[in-house]
Amino acid sequence: MKKLGRGRPKTVHKKRSGRKRQDSSPTADENAKSEQSVAASQATRQTTAYLKKLFSEVGFSIDTKKGQNFLVDLNLLDLLERTADIQPDDIVLEVGSGTAALTERLARSAYRVVTIEIDSRLATLARDRLIDADNVNLVNTDVLAGKNRLSPHVLSALDEAEKQRQAAGKKGRFLLVANLPYCVATPVISNLLLTRPFSSATVTVQYEMADRMTASAGHHSYNALSIWIGSQCRSEIIRVLPPAAFWPRPKIDSAIVRLDLEEHRRAQISDLPRFHTFVRDIFCHRRKVLRGVLVTLAGGKKSPDAVSRIDRLYDTFGLEKNIRAESIDPDTFVHLEHEFSRS
Ligand code: SAM
């Protein structure tokens, strides 16, 4: 996996250049757009004071078990939006609408936004705020239907957005942009990569998870998620966010992470669900020597066939007998799994 950032960066590592016109003076259209955008962002201003007032007016009590930590640092909300680099024909999925502070911004740049909110009280507040945004479909549901499946309501809302875009003769990307609820961040990203791959994902997650998402082989955080993401995406930690960026404050740091799908690397994975399961099975036993785990998966050490199969695999890849899964990079894992399943 190519990891562009390491450690705990405070600033953007890589500048993503937008398309530029030769003449830098704004057109009438751009002026109007910029005025709208100023007006919209002023209307949005999701500050702690704003949220406290709103929630006390409607009698809303925060449910921290649902990861209800709202982003109140407006500069960071700007950074999230800028990093996502949304283009006019893009379809954006947001998981966790909250009060729609981010949704409103996404709607200004995207062709359509599908935003998901589990909490019906927040869904009502968000709908009020989005009354004029006719390119937003807010779905009041749990994004997951079970541990390892995206809700069919989410998938059909995305299908619908795609149909509308096709009918309008437009082509664009599918992006995930969200301040993700920590409780579902891993399954949402994993399942999207399995069944509905995004071109890019720009998300805030807990720092620990950001570290796992971007870890390279040998790093202490490297695990099944690092391999699953690392085998098909370029990943980058854009900014570490202190607890004070949110209200209420979480106990730990968070980070904005950007993932970019690399189609040619994804195409190397011969069977995505099989590879996903293989990696997770291996990392259930991450502290064990890989060879033992592979022998078990192949039928157990009492099976002479399993042992010789794995011996051949080790010869082919020139692996040391005592190598552990955490020191094997994602691309090697892809080839290893392919050979393992063929043998
Ligand atoms: N987007 C808002 C912001 O940036 O301030 C809110 C983000 S807050 C971290 C996460 C949101 O996800 C909350 O509104 C929470 O109710 C919602 N949520 C939590 N679990 C969810 C789930 N399983 N499906 C959909 N939404 C969920």
Side-chain angles (χ1 to χ4, degrees), residues 10 35-84 86 92-110 113-133 136-143 176-185 188 202-210 238-257:
K10 288 253 165 16
E35 275 162 29
Q36 269 171 13
S37 132
V38 169
S41 69
Q42 278 169 354
T44 303
R45 295 191 65 79
Q46 173 162 281
T47 57
T48 305
Y50 166 83
L51 285 174
K52 281 185 176 165
K53 186 164 177 284
L54 177 69
F55 290 168
S56 93
E57 274 167 14
V58 297
F60 175 78
S61 52
I62 286 170
D63 184 348
T64 45
K65 282 197 214 98
K66 292 200 176 87
Q68 291 175 352
N69 302 96
F70 303 89
L71 195 51
V72 289
D73 184 320
L74 303 178
N75 291 328
L76 293 174
L77 216 47
D78 280 346
L79 176 62
L80 191 63
E81 187 185 356
R82 271 201 317 277
T83 305
I86 301 164
V92 175
L93 171 65
E94 181 194 25
V95 176
S97 330
T99 66
L102 177 61
T103 326
E104 219 173 37
R105 289 162 175 257
L106 304 176
R108 291 204 307 264
S109 327
V113 178
V114 173
T115 183
I116 316 298
E117 177 52 59
I118 195 172
D119 189 322
S120 48
R121 303 162 307 161
L122 283 174
T124 305
L125 289 176
R127 281 207 175 98
D128 283 351
R129 193 177 197 159
L130 295 167
I131 196 112
D132 293 325
V136 177
N137 182 3
L138 190 154
V139 189
N140 179 201
T141 187
D142 187 335
V143 66
L176 171 68
V177 187
N179 174 15
L180 283 175
Y182 69 91
C183 35
V184 296
V188 164
T202 307
V203 290
T204 58
V205 292
Q206 292 183 315
Y207 182 79
E208 262 177 42
M209 181 174 169
I238 303 291
R239 181 78 67 93
V240 178
L241 312 184
F246 300 89
W247 183 75
R249 290 183 185 196
K251 291 196 172 71
I252 49 173
D253 284 349
S254 305
I256 297 178
V257 178

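Quick caveat, the model's predicted, so the values are computed rather than measured. Starting from 1, each residue takes its place in the sequence as its number.
- We find the CZ-OG1 distance between Arg108 and Thr103 to be 11.5 Å, quoted to the nearest 0.5 Å.
- For Asp128, there are no side chain to side chain donor-acceptor pair (under 3.5 Å) partners, not counting sequence neighbours.
- Taking each heavy atom of Val177 and Leu102 in turn, the nearest pair found is O-CD2, 4.3 Å.
- Two residues are said to be in side-chain contact when any heavy atoms from C-beta on lie closer than 4.5 Å; Val58 and Leu125 meet this criterion.
- With hydrogens and angles ignored, the 3.5 Å screen pairs no side-chain donor or acceptor of Arg105 with any backbone N or O of Glu81.
- Put simply, the side chain of Ile238 does not reach to within 4.5 Å of the side chain of Val257, judged on heavy atoms.
- The shortest heavy-atom contact between Ala255 and Ala210 is CB-CB, 3.7 Å.
- Between the side chains of Ser254 and Gln206, not a single donor N or O lies within less than 3.5 Å of an accepting N or O.
- Taking CG of Leu77 as the reference point, atom CD of Glu104 lies at 10.0 Å (rounded to 0.5 Å).
- For Asp119, the side chain to side chain donor-acceptor pair (under 3.5 Å) partners two or more places apart in sequence, or in a different chain, are Gln68, Arg121.
- Of all the heavy atoms in Arg129 and Ala101, the pair that sits closest is NH1-N, 3.9 Å.
- Using a 4.5 Å heavy-atom threshold, the side chains of Trp247 and Leu71 count as separate.
- The aromatic ring centroids of Phe70 and Phe55 lie less than 6.0 Å from each other.
- Distance check, rounded to the nearest 0.5 Å: OG1 of Thr64 to CZ of Arg249 gives 16.0 Å.
- Annotation for Ala126 and Gly98: closest pair CB-O, 3.5 Å, computed over non-hydrogen atoms.
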Determine, stepwise, if the pair Leu180 / Thr204 fulfils side chain to side chain contact (heavy atoms under 4.5 Å, CB included). CA-CA 6 Å; Leu180 283 175; Thr204 58; 5.7 Å; no
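- A heavy-atom distance below 4.5 Å is found between the side chains of Leu51 and Val72.
- For the pair Asn69 (side chain) and Pro248 (backbone), a donor-acceptor distance under 3.5 Å is present.
- Annotation: salt bridge (Lys or Arg N to Asp or Glu O under 4.0 Å) contacts involving residues 46-56, sequence neighbours excluded, comprise Lys53-Glu57.
- Residues Leu176 and Val203 have side chains in contact (heavy-atom distance under 4.5 Å, counting atoms from C-beta outward).
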So Ile256 and Leu79, side chain to side chain contact (heavy atoms under 4.5 Å, CB included) or not? Walk me through it. CA-CA 9 Å; Ile256 297 178; Leu79 176 62; 3.9 Å; yes
Hey, mind stepping through Val92 and Val114 against side chain to side chain contact (heavy atoms under 4.5 Å, CB included) and telling me if it holds? CA-CA 6 Å; Val92 175; Val114 173; over 6 Å; no
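- Checked by atom type and distance alone, the side chain of Asn140 never pairs as donor or acceptor with a backbone atom of Ala123 at under 3.5 Å.
- Ser97 places no side-chain N or O within 3.5 Å of a backbone atom of Ala100 that could act as its donor or acceptor partner.
- The closest side-chain heavy-atom distance from Ile116 to Glu94 is not below 4.5 Å.
- Once rounded to the nearest 0.5 Å, the distance linking CG of Asp73 with CZ of Arg239 reads 8.5 Å.
- Taking the side chain as every heavy atom from C-beta outward, Pro181 and Val95 approach each other to under 4.5 Å.
- Contact of the Asn179 side chain with the Phe246 side chain is registered, since non-hydrogen atoms from C-beta on lie closer than 4.5 Å.
- Residues Tyr182 and Gly67 come closest through the heavy atom pair CE2-CA, 3.5 Å.
- Between atom CD of residue Glu117 and atom CG of residue Asp142 there is a gap of 10.5 Å, rounded to the nearest 0.5 Å.
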Under the side chain to side chain contact (heavy atoms under 4.5 Å, CB included) rule, what do Thr99 and Leu54 come out as? Steps first, then yes or no, please. CA-CA 10 Å; Thr99 66; Leu54 177 69; 4.0 Å; yes
